[in-house]
Amino acid sequence: MAAGGVAVVVGGGVHEDAAVDGRTETESERADRNFSELLQELRVAQTGVQILFAFLLTLPFTQAFGKVTAEQRIVYLGTIIATALATSCLIAPVSHHRILFRRRRKPDLVDAANRLAMVGLAFLLAAVIGSVYLVFDVVVGTGVAGVVAGALGAWLLVIWYIEPLVQRRLPPRSAITRISRDWHPRDR
């Protein structure tokens, strides 16, 4: 096995794996674990998107909705479409699992569900920003709405995408611990 690789038991033999997580598990066990973890993550996102969707679906049936401007209606419609697309992407892995159940396709299912989750989160980001913009536009005006929605969008990009991408480029904490534990000033 190459340095830093992970032993994965496949068919009774040990093979290298691209992931460096220190586990020894079969390909099926890894796929089951990955899918289970992904479903737990999707439950969090699904709850948020469902609450937002319910809120947005009820808005046109309120008396105040008749007072929104044409621009606000466009923002509303774009936001509701983004929310519907987020909902569809975040729920799709359940449908995929039901259709592919007992077909020995779990690794393919995990890959597809991961892609759908990423796309669903991008649509959810747009829906959250659109919703906040719409509320601020109605309550305090377009200028403040633009500033708040822009700041929120930047914040969400940082904590949802940039920060994890930065972390992804760093060595795992266990590798840093090993390096610092093995390093000694006299080695310089």
Side-chain donor/acceptor pairs under 3.5 Å, residues 133-149, sequence neighbours excluded:
| residue | atom | partner | partner atom | Å |
| --- | --- | --- | --- | --- |
| D137 | OD1 | T142 | N | 3.1 |
| D137 | OD1 | T142 | OG1 | 2.8 |
| D137 | OD2 | Q72 | NE2 | 3.2 |

Below 3.5 Å, can you tabulate the donor-acceptor pairs from side chains in residues 160-169 to any protein atom, sequence neighbours excluded?
| residue | atom | partner | partner atom | Å |
| --- | --- | --- | --- | --- |
| Y161 | OH | A122 | N | 3.3 |
| E163 | OE2 | Q167 | NE2 | 3.4 |

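Between the side chain of S95 and the main chain of A92, no donor-acceptor pair closer than 3.5 Å is present.
Scanning for salt bridge (Lys or Arg N to Asp or Glu O under 4.0 Å) contacts around D111 gives an empty result, with sequence neighbours left out. Q50 is linked by a side-chain hydrogen bond (donor to acceptor under 3.5 Å, both in side chains) to nothing, counting only residues two or more places apart in sequence or in another chain. By the side-chain hydrogen bond (donor to acceptor under 3.5 Å, both in side chains) test, D32 is found to be paired with K106, residues two or more places apart in sequence or in another chain being considered. Residues forming a side-chain hydrogen bond (donor to acceptor under 3.5 Å, both in side chains) with Q63 (at least two apart in sequence, or on another chain): none.
Ion pairing of R33 with E37 is present here, as a side-chain N (NZ or NE/NH1/NH2) and a carboxylate O approach within less than 4.0 Å.
Note that CG of L116 is 10.5 Å distant from CZ of F123, once rounded to the nearest 0.5 Å. Between I51 atom CD1 and L56 atom CG the span is 12.0 Å, to the nearest 0.5 Å.
One side chain, Q40 or R43, offers a donor N or O that lies under 3.5 Å from an acceptor on the other.
Residue L38 comes nearest to V110 through the heavy atom pair CD2-O, 4.1 Å, listed as atom of the first residue, atom of the second, then distance. Taking all atoms of both residues into account, the shortest heavy-atom contact from T79 to A127 is CG2-O, 3.4 Å.
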